[in-house]
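Since the structure comes first, as structure tokens, the remarks are kept for the end.
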Amino acid sequence: MSFDIDSIFDKAASGKSLVKNRQALTIDYVPEKLPFRDEEAKTLAQVLSTVFKGARPSNLLLFGKPGTGKTAVAKNVVDRLQKKSNELKIDVTVIFINAKAAGSAYKVLFEIAEDLGINKEEQGKQVHFTGLSMGEATDRILQYIQKKKLHFILVIDEIDSLVDKSGDDILYNFTRANQRMMSKGGFVTLIGISNSLTFKDKLDPRVRSSLSEEETVFNPYTVDQLRQILQERSKLAFNEGAISDAAINLCAAMAGREHGDARKAIDLLRVAAELAEREGATRVDEKHVRAGQDRMEKDAPFVALKNAPVHHKLVIIAVTKSKSGTTGDVYDTYLTLCKQVEQKPLTQRRVTQIISELELLGLVSTDIVNQGRYGRSQKIKITIPMTTVKEALKEDFASLITTATN
DNA sequence: CATCCACTGGAACCTATGGGTG
DNA sequence: CACCCATAGGTTCCAGTGGATG
């Protein structure tokens, strides 16, 4: 067992690492300069600059596919705005929230309150992490803004997930609040960032028109742009000569194949670098990028499966064991599995729901088939190799899986 | 060409958890 | 104390649905 361990440690300790700034390869990293996004940044800055004249900037929506730089541009501009406002001694309160990371609508409100410092100051008017109604929580926040006459810029990243989960009530209240506060000195500017271009359709017309007073669409990067982005990022992240041009080009090409997702490209670069370091290579090459791509493809379903709740796992096993793969058949198989492991089975309704969740995760694929007189159903297939399933589930359901393969 | 199967998928409702206000 | 709140993860109920079959 001890064959290689010393040499692994030695390699790591010898300081011959390829990466000089690992931070630059993470998703959270916001670079100083954002190539190919000057126009968008300029628009955003122009809109927000109104605040320095003491007036309310327009609300703004930023659209674009994942990895097109929306969040980075917003963070970048907003950071500078804050710095400038400190310099000029003009009060601007900026809060940046990721609705998806926050989890639920209420938690978004809670985070806003937390960041504003309401909970430290306002005795009896705090926004606790549970217990209040949404309306009450919103009111308290708005009242605070009004009382303090705050010039408040609220950036909501992944705003679509907020609306999906709990409708546009919160947005409605925030946009409407401006009309009430107008004369009294405080105001709220909302900046929404959305991945989905159809996001606006889900909004109430009143919210829609006031939320998208201005709009900016982020187009995907071209492969060539991705290449340049990766090149600049590599200069920050890697030591001189620690990555080949070919590797960068390949990264760009792979990520650009679907739509120019810079995040994916940078992820891939990072994974490739890790693999290269691990094998003690002196620089990152094409083969590491390929291996990285490979690993990312394999890892995602493995992790998803391993962390899935018990019944999701059982459903997966049922899918692999089921003969015909129709919903009814899978459900029957699932029922017997439940009996074997002494789990209380869920209803069929819930199981079909789980199946569609698994489909979203890409673990399973479904086709609707019509057997006329014999009804209409889904044909469900696993889309990942059996070995992955076995590997991921062996701890929980070793016995079921061995019988599944026989 | 109407029928009718075996589901699909929307919607309301339920329960537990972890709280709140007056 | 009585009664209210949000959320996750379920259940119950039920109106569709597409096309092979009689």
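Letters A, B, ... mirror the listed sequences (proteins, then strands); counts begin at 1.
- OP1 and OP2 of C:dA6 both lie 4.0 Å or more from every side-chain N or O belonging to A:Thr130.
- For A:Arg373, whose side chain is taken as the heavy atoms from C-beta onward, the closest listed nucleotide among C:dT11, B:dC7, C:dA20 is C:dA20.
- Residue A:Arg376 places no side-chain N or O under 4.0 Å from the OP1 or OP2 atom of C:dT17.
- Between the CZ atom of A:Arg350 and the C1' atom of B:dA11 there is a distance of 16 Å, rounded to whole Å.
- Under a cutoff of 6.0 Å and an axis angle of 45°, A:Arg295 and A:Phe302 do not form a cation-pi pair.
- Between A:Asp329 atom CG and B:dC7 atom P the separation is 9 Å, expressed in whole Å.
- In this structure, A:Ile354 atom CD1 and B:dG9 atom P are separated by 15 Å, rounded to whole Å.
- Looking at heavy-atom distances under 4.0 Å, A:Leu346 makes contact with sugar-phosphate atoms alone, never a base.
- For the pair A:Thr327 (side chain) and A:Ser377 (backbone), a donor-acceptor distance under 3.5 Å is absent.
- Across all strands, A:Glu136 comes closer than 4.0 Å to no nucleic acid atom at all (heavy-atom distances).
- A:Gln378 comes within contact range of the sugar-phosphate backbone alone, with a heavy-atom separation under 4.0 Å but no base atom that close.
- The two residues A:Arg233 and A:Thr26 make their nearest non-hydrogen contact at NH1-O, 4.3 Å.
- Minimum atom distance to the side chain of A:Tyr106 is reached by C:dT7, of the listed B:dA6, C:dT7, C:dT11.
- Rounded to an integer number of Å, the gap from CG of A:Leu132 to C1' of B:dT21 is 9 Å.
- Closest to the side chain of A:Asn370, from the set B:dC4, C:dG19, C:dT7, is C:dG19.
- The shortest heavy-atom contact between A:Leu48 and A:Val78 is CD1-CG2, 4.3 Å.
- Residues A:Gly375 and A:Phe129 both approach DNA chain B. Their nearest nucleotides, taken by heavy-atom distance, put A:Gly375 toward the 5′ side.
- Of the side-chain N and O atoms in A:Thr327, one or more sit less than 4.0 angstrom from OP1 or OP2 of B:dT8.
- In the model, A:Arg349 has a side-chain atom that pairs as donor or acceptor with a side-chain atom of A:Thr352 under 3.5 Å.
- In this structure, the side chain of A:Arg140 does not engage the main chain of A:Val127 through any donor-acceptor pair within 3.5 Å.
- Residue A:Thr352 places its side chain closer to B:dT8 than to any other of C:dT11, B:dT8, C:dT7.
- We find that CG of A:Leu109 is positioned 16 Å from P of B:dG20, with the value rounded to whole Å.
- Evaluation of atom-type donor-acceptor distances gives a pair under 3.5 Å for the side chain of A:Arg349 against the base of B:dG10.
- In this structure, of B:dT21, C:dT7, C:dG10, it is B:dT21 that holds the atom nearest to the side chain of A:Arg140.
- Between the CD atom of A:Gln348 and the C1' atom of C:dT11 there is a distance of 13 Å, rounded to whole Å.
- Taking atom CG of residue A:Asp332 and atom P of nucleotide B:dA6, one finds them 12 Å apart after rounding to whole Å.
- The side chain of A:Gln371 places no N or O atom within less than 4.0 Å of a non-bridging phosphate oxygen (OP1 or OP2) of C:dG19.
- In this entry the distance linking CD1 of A:Ile380 with P of B:dT8 reads 7 Å, nearest Å.
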